[in-house]
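Step one of this worksheet: look at the structure below.
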Amino acid sequence: TTDSSAAERVASKLSSGTSFESLARTYGEGPERVRSGDIGFIDPADLRAELASAVQALQVGETTKVVELGGSWVVLKRTH
């Protein structure tokens, strides 16, 4: 999202137990929205530094905190 306060509200809902997939379908703004936020496999080495560092420590099923990405804010979930 391009709204940081909206991103924090989504992260709060995620922390409260709302599924990542449901939140992605409701609040996502990219084409992956229709796939419940699934962007497919991406090698962390191919990610921008701020995203790579956020996902490297994740275990399968865990999500990042809100990450600022050039005027947008994202939350990522590791699925593999």
Side-chain angles (χ1 to χ4, degrees):
T1 181
T2 55
D3 180 344
S4 64
S5 61
E8 291 297 338
R9 286 192 302 276
V10 168
S12 178
K13 289 175 186 268
L14 187 60
S15 295
S16 296
T18 305
S19 78
F20 179 90
E21 294 76 12
S22 172
L23 292 168
R25 284 190 305 273
T26 303
Y27 299 100
E29 296 179 357
E32 64 279 351
R33 177 182 189 170
V34 297
R35 295 184 307 278
S36 301
D38 189 346
I39 58 175
F41 177 80
I42 297 177
D43 185 337
D46 294 333
L47 294 172
R48 291 174 53 164
E50 58 269 46
L51 294 178
S53 64
V55 299
Q56 285 180 326
L58 294 179
Q59 298 297 315
V60 172
E62 292 181 329
T63 57
T64 64
K65 295 181 180 182
V66 175
V67 179
E68 195 272 326
L69 187 63
S72 293
W73 288 264
V74 299
V75 176
L76 301 174
K77 178 180 179 181
R78 181 175 176 185
T79 58
H80 297 329

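The shortest non-hydrogen separation linking Phe20 to Thr63 is CD1-CG2, 3.9 Å. Taking all atoms of both residues into account, the shortest heavy-atom contact from Pro44 to Val55 is CB-CG2, 4.5 Å.
Scored by the side chain to side chain contact (heavy atoms under 4.5 Å, CB included) test, Ser15 finds no partners at all (sequence neighbours excluded). Residues passing the side chain to side chain contact (heavy atoms under 4.5 Å, CB included) test with Arg25 are Glu21, Ser22, Ser36, sequence neighbours excluded.
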For residues 64-71, please give each side-chain donor-acceptor pair under 3.5 Å, one per line with the distance, not counting sequence neighbours.
residue, atom, partner, partner atom, Å
Thr64, OG1, Leu76, N, 2.9
Glu68, OE2, Gly70, N, 3.1
Glu68, OE2, Gly71, N, 2.7

Let me see the working for Tyr27 and Lys13 under side-chain contact (heavy atoms from CB on, under 4.5 Å), right down to the final yes or no. CA-CA 11 Å; Tyr27 299 100; Lys13 289 175 186 268; 3.4 Å; yes

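Every pair passing side chain to side chain donor-acceptor pair (under 3.5 Å) that includes a residue from residues 39-60 is listed here, sequence neighbours excluded: Arg48-Glu50. For residues 31-40, no pair satisfies salt bridge (Lys or Arg N to Asp or Glu O under 4.0 Å), with sequence neighbours left out.
The CG atom of Asp3 lies 10.5 Å from the CD atom of Glu8; values are rounded to the nearest 0.5 Å.
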